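The structure appears below as structure tokens.
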Amino acid sequence: MAYHAGLRVAATAYKELEPVKIKGLILHQPYFSGKNRTKSEEKLKDDQLLPLHAIDKMFDLSLPKGTLDHDHEYSNPFLNRGSKHVDDMVARGWAVLVTGVSEDPLVDNAHNFANFMEEKGIKTFKLFGDGYHAIEGFEPSKATALIGATKDFICATKN
């Protein structure tokens, strides 16, 4: 949702938000998937926190009625080489912070998304490490790392 809201703001709504200036997006463990399974989705299909059947069900419930599979622009940002509004993000000088952890079934798509943003010309900050989905809610050291990366991102994009 944050990614698609950002695309809409970059495309047109930034004018309506003035004097507020948005300089980028923070995508913490972004929820992207598609019809084709990644290695992390296959490896962690029975994950205790985020099993593949739950990922599929959440997409089934959130995608527009009649959507045949998860290769929809809302769930798969790589379709058709990405949204045309990514160019608007580039034009506005936005940056993006993408985070992920090794034992999250969606981590491969988070890595792919960060690389995709870089290829599109967006300054991309990354925080990837060991752990499981939502680890920062359970381990203070992981929360501290996320807060530090977020602070660094905000400081780097404030000008």
Side-chain angles (χ1 to χ4, degrees), residues 1-13 22-92 94-138 142-143 145-147 149-150 152-154 157:
M1 290 174 62
Y3 174 62
H4 290 283
L7 290 173
R8 291 185 76 181
V9 168
T12 59
I22 296 176
K23 303 297 284 179
L25 295 174
I26 298 171
L27 299 174
H28 175 54
Q29 298 178 353
Y31 206 85
F32 296 131
S33 188
K35 181 170 60 173
N36 298 324
R37 301 293 186 198
T38 64
K39 288 181 183 178
S40 63
E41 286 173 317
E42 290 291 342
K43 174 186 159 201
L44 298 164
K45 66 183 177 206
D46 295 319
D47 184 71
Q48 288 185 334
L49 285 175
L50 196 58
L52 198 52
H53 70 86
I55 292 168
D56 288 344
K57 181 53 84 178
M58 286 188 260
F59 279 124
D60 292 343
L61 293 170
S62 62
L63 291 173
K65 197 170 192 164
T67 301
L68 300 177
D69 59 37
H70 300 160
D71 271 345
H72 186 279
E73 66 178 312
Y74 292 159
S75 55
N76 186 345
F78 314 111
L79 284 180
N80 304 316
R81 294 183 301 251
S83 170
K84 63 183 178 188
H85 298 302
V86 171
D87 293 336
D88 296 321
M89 294 169 72
V90 172
R92 305 216 187 307
W94 284 17
V96 63
L97 167 62
V98 182
T99 73
V101 287
S102 60
E103 296 301 310
D104 184 332
L106 300 175
V107 71
D108 287 346
N109 279 316
H111 275 290
N112 294 340
F113 182 77
N115 294 336
F116 177 72
M117 291 284 97
E118 283 182 325
E119 290 167 10
K120 291 288 188 174
I122 294 177
K123 185 171 184 175
T124 305
F125 297 75
K126 303 173 193 175
L127 175 64
F128 288 94
D130 292 330
Y132 50 88
H133 189 80
I135 192 170
E136 67 285 338
F138 302 96
K142 297 295 185 176
L146 176 61
I147 291 166
T150 302
D152 292 346
F153 173 76
I154 292 169
T157 59

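The structure displayed is predicted, hence computed values, not measured ones.
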Original post:
Taking NZ, NE, NH1 and NH2 as the nitrogens, is one of them in Glu118 or Lys123 under 4.0 Å from a carboxylate oxygen of the other?
Top reply: no

**OP:** Give a yes or no answer on whether the side chain of Thr67 reaches the backbone of Leu63 with a donor-acceptor pair at less than 3.5 Å.
**Re:** no

Original post:
Looking only at atom types and distance, does a side-chain atom of Asn80 sit under 3.5 Å from a main-chain N or O of Gly82, one as donor and one as acceptor?
Top reply: no

Original post:
Looking just at side-chain N and O atoms, do Lys126 and Asn115 make a donor-acceptor pair shorter than 3.5 Å?
Top reply: yes

Original post:
Do the side-chain N and O atoms of Asp88 and His85 include a donor-acceptor pair separated by under 3.5 angstrom?
Top reply: yes

Original post:
Any side-chain heavy-atom pair from Ile26 and Thr150 closer than 4.5 angstrom?
Top reply: yes

Subject >> Flag side-chain contact, heavy atom, 4.5 Å: Glu103 against Leu44 >> reply: yes

**OP:** Measure centre to centre between the rings of Phe59 and Tyr31, then say whether the value is under 6.0 Å.
**Re:** yes

Original post:
Just wondering, do Tyr132 and Ser102 contact through their side chains at under 4.5 Å, heavy atoms?
Top reply: no

Original post:
Is the side chain of Asn112 donor-acceptor paired with the backbone N or O of Asp108 at a distance under 3.5 Å, no angle test?
Top reply: yes

**OP:** Examine distances only and state if a side-chain atom of Trp94 and a backbone atom of Ile22 form a donor-acceptor pair shorter than 3.5 Å.
**Re:** yes

**OP:** Could you verify whether a donor N or O on one side chain and an acceptor N or O on the other, from Gln29 and His133, lie under 3.5 Å apart?
**Re:** yes

Original post:
Strictly by modelled atom types, are His4 and Glu73 linked by a side-chain donor-acceptor pair under 3.5 Å?
Top reply: no

**OP:** Decide, yes or no, whether a salt bridge links Asp56 with Arg37 under the criterion of side-chain N to carboxylate O below 4.0 Å.
**Re:** yes

Original post:
Is the shortest heavy-atom distance from the side chain of Pro30 to the side chain of Asn109 under 4.5 Å?
Top reply: no

Original post:
Any side-chain donor-acceptor pair under 3.5 Å between Thr99 and His28?
Top reply: yes

Original post:
So do the side chains of Phe116 and Ile122 get within less than 4.5 Å of each other, counting heavy atoms only?
Top reply: no

Subject >> Residues, nucleotides or ligands: over 12 heavy atoms within 6.0 Å of Phe78 CZ >> reply: yes

**OP:** Ignoring hydrogens and angles, state whether a donor on the side chain of His53 or Asp46 is under 3.5 Å from an acceptor on the partner side chain.
**Re:** no

Original post:
Between Phe113 and Phe32, how do the two ring planes meet: parallel, tilted or perpendicular, split at 30° and 60°?
Top reply: tilted

